[in-house]
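First the proteins, then the strands, lettered A, B, ... as listed; each starts at 1.
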Amino acid sequence: MSGASVVTQVGDGVYRVEQDGRAEVVYVAGQPDDPWAFWNGQVFRGSFGETPPAAPRPRAHRAVVQSLTAPMPATVVKVLVEPGDVVKKGDTIVILEAMKMELPLRASGDGTVKAVHCREGDLVRPDSVLVELA
Amino acid sequence: MIRRLLIANRGEIAVRIVRACRELGIESVATFSEADARAPHVVAADRAVLLGPAPAAESYLAVPKILAAAGAVGADAIHPGYGFLSENAAFAAACEESGVVFVGPPSRVIAEMGSKINARRLMERAGVSVVPGETPEDQSSDGVRKALERVGLPALIKASAGGGGKGMRRIHEAGDIDLEIDAARRESQAAFGDGTLYVERLLENPHHIEVQVCADAGGRTVHLFERECSVQRRHQKVIEESPSPNVTPELRRRMTDAAVGAAKASSYRNAGTLEFLVDLAGGRTDDAAFYFLEMNARLQVEHPVTELVAGVDLVRAQLLLASGEPLPWNQDDLAQRGHAIEARVYAEDPTNSFLPQAGRLLLYREPNMPGVRVDSGVAEGTDVGVHYDPLLAKVIAHGESRGQALARLTNALRAFPVLGIRTNIPFLLAILAHPTFVAGRAHTGFLDAEMPTLVGGLSHEPPRFVREAVAAAGTRARETRSTPDTSVATGLDPWERLRGWRL
């Protein structure tokens, strides 16, 4: 139904993809293993190849069922749990602050607090594990 | 005339002020925190002074450091922008005392407008409606009931002592409300240690419409028409436009008369904005009720829509007025021409609870097309941090009609690639395409009510041509990396290099 595509780089990070006489302009940036793309107001990120969706993260295989991680660089405003606490899905575990906004981190399932890796006032990096629930 | 202006702000508004200075031949002095050493506002200005570490309390809010910087460079005026110290009466007073011109109203006016109670009293004296409400002297259930009759239903009963929804009750019918009154009193007592109740008319889904005013040192005051800013998420404005699609010429006359009267009554000076809640439950009528919400004694983020529609430069006017010059326009010279709509581009992820985003702008290309203006404080390569407001840029489109402005804004956002961090651009496009917004009927409850629809359609699988472009870029990147290393070229399997291509 569709013919061959011709991809031409037309600028720094700018690609023109022509197929069946119609052309689209796509912007691409980032490392080859973590690319970002923009087309017509939409942003795409992550796996673009023919490979199936990425394998689950390794920590999902361990006994730890949940790791609460910082979604972005932030300051820890409040830690509401201690090791041994029983928490329910939706409970607020940690409150972070970034860009003048408070961000509550909530448990995504029932569990027991196994470890707390942050303290109030800490500056935390993206993806650093703040609390582990088992 | 001001000779050297210190800008006590950052981001897009600081860049905007530098540009106005350059036009007027005023030397601009940027201030910056350690996080902003290479920020566009620092690059743009004639001089720049380091204030301190990244946290705003140690830099952009540090009054002694800012005054010391002004003294050190010999600045004769300070522009506070918006946010930070712009409505801090103590800062304005400190400027006045140290002989530096504060670009804004006198500290006394800022203090008066900063107090909700004082501002409300002043508006009532000036004959401007405020949302009907009172603290009944008779706090018995009977007294509260009579107060409800006076303000009219539907109404809110709330704690006189505080906010945050504690002790708040919505009353829609006059029936059995004793239980509600008792509950509100108990909750107020528990939350604030004070059971005194306040009753206020409940406006259901009002529109947020504001009027821009400007006044010179002689007290001559003009208005620059209205802006509608009803598209808000958690009281944060997202899209603003002028003229309002909901204001008839007669309602505009009533609102602008009220705004000018209120500004005169408060001896207002320089540029300011009166915000109103407008009750349009009865439709777009000449006699729609509007109520004073608050006065912003500063330049607003959304000032460009007024600039485009009225054909004026508000920052230039601010600098002239602060220098003691008369207003650059007469009221009769001012008119609304065409339509302007602004969209605020925020570093936040609409597909993930609007979490603020931080990171490097790997690719950032502003659109450039007829009728489109972009005010921004970032550039490609900028590291967007966590310390400040997540506003990256404002895209403002002007057209002969609302329809043309909307089409231009949509095209501009579709041609505004920002990669490296998530932004709300896809969400803005979803709002602009929503039938309620297209019809000009979005009220302040619109975003909350339509949120599932608006964010529901934002996640897409990449089309084939996007995957092909990404694959081509990946191949290029690998080739570029391997070129200087001649030993690699021979060992590379060409099919491996072509992975991801689908021809």
Student: Could you pull out the closest heavy-atom pair between A:A37 and B:V470, with the gap in Å?
Tutor: CB-CG2, 3.7 Å

Student: With rounding to the nearest 0.5 Å, note down the distance linking CD in A:Q19 to CZ in B:R464.
Tutor: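 With rounding to 0.5 Å, CD (A:Q19) is 4.5 Å from CZ (B:R464).
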
Student: For a quick test of reading the model, state the closest non-hydrogen atom pair linking B:V466 to A:W39 and the distance between them.
Tutor: CG2-CB, 3.9 Å

Student: Most heavy-atom pairs under 4.5 angstrom with chain A, which of B:A415, B:P426, B:A473?
Tutor: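 The residue among B:A415, B:P426, B:A473 with the greatest pair count is B:A473.
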
Student: For residues A:R45 and B:R422, determine if any side-chain heavy atom of one lies less than 4.5 Å from a side-chain heavy atom of the other.
Tutor: yes

Student: Which side-chain hydrogen bond (donor to acceptor under 3.5 Å, both in side chains) pairs, counting each pair once, include a residue from residues 354-372 of chain B, with sequence neighbours left out?
Tutor: B:R360-B:D383, B:Y364-B:E366, B:R365-B:E380, B:E366-B:S376

Student: What part of B:L413 gets closer than 4.5 Å to chain A, counting heavy atoms only: side chain, backbone, both or neither?
Tutor: backbone

Student: Which pair of non-hydrogen atoms, one from B:L429 and one from A:G41, has the smallest distance, and what is that distance?
Tutor: CD1-CA, 3.6 Å

Student: Contact part of A:P73 toward chain B, heavy-atom cut-off under 4.5 Å: side chain, backbone, both or neither?
Tutor: both

Student: Please look at A:V14 and chain B and tell me whether the side chain, the backbone, both or neither of the residue comes under 4.5 angstrom of a heavy atom of that chain.
Tutor: side chain

Student: Please give me the minimum heavy-atom distance between B:R478 and A:P32, naming the atom from each residue.
Tutor: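 Minimum heavy-atom contact is NH1-CB, 3.7 Å.
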
Student: Please classify the contact between B:F465 and chain A as side chain, backbone, both or neither, with a heavy-atom cut-off of under 4.5 Å.
Tutor: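 Answer is both: backbone and side chain atoms of B:F465 are under 4.5 Å from chain A.
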
Student: Quick one: what part of A:E18 sits under 4.5 Å from any heavy atom of chain B, side chain, backbone, both or neither?
Tutor: neither

Student: If you apply the rule side chain to side chain contact (heavy atoms under 4.5 Å, CB included), what do you find for B:L363 with A:W36, and how did you get there?
Tutor: CA-CA 9 Å; B:L363 187 146; A:W36 294 71; over 6 Å; no

Student: Working to the nearest 0.5 angstrom, can you tell me the gap between A:M72 CE and B:N352 CG?
Tutor: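 Between A:M72 CE and B:N352 CG, I get 10.5 Å after rounding to 0.5 Å.
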
Student: Output all residues satisfying salt bridge (Lys or Arg N to Asp or Glu O under 4.0 Å) with A:D33, sequence neighbours left out; order by chain, then residue number.
Tutor: none

Student: Return the option, out of B:P356, B:S353, B:S459, with the maximum number of heavy-atom pairs under 4.5 Å with chain A.
Tutor: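 Most pairs with chain A among the choices: B:P356.
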
Student: Counting only heavy atoms closer than 4.5 Å, note whether A:V17 contacts chain B via side chain, backbone, both or neither.
Tutor: side chain

Student: Is it the side chain or the backbone of A:Y15 that comes within 4.5 Å of chain B heavy atoms, both, or neither?
Tutor: side chain

Student: Heavy-atom distances under 4.5 Å only: say whether B:E461 touches chain A with side chain, backbone, both or neither.
Tutor: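 Contact with chain A involves the backbone of B:E461 alone.
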
Student: Could you state the interatomic distance from OG1 (A:T75) to NE2 (B:H387), rounded to the nearest 0.5 Å?
Tutor: 7.0 Å

Student: Out of B:L458, B:I425, B:T410, B:L362, which one racks up the most heavy-atom pairs below 4.5 Å with chain A?
Tutor: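 Highest number of heavy-atom pairs under 4.5 Å: B:L362.
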
Student: Taking side chain as everything from C-beta outward and backbone as N, CA, C, O, which of these in B:L391 sits under 4.5 Å from a heavy atom of chain A? Side chain, backbone, both or neither.
Tutor: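 Neither the backbone nor the side chain of B:L391 comes within 4.5 Å of chain A.
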
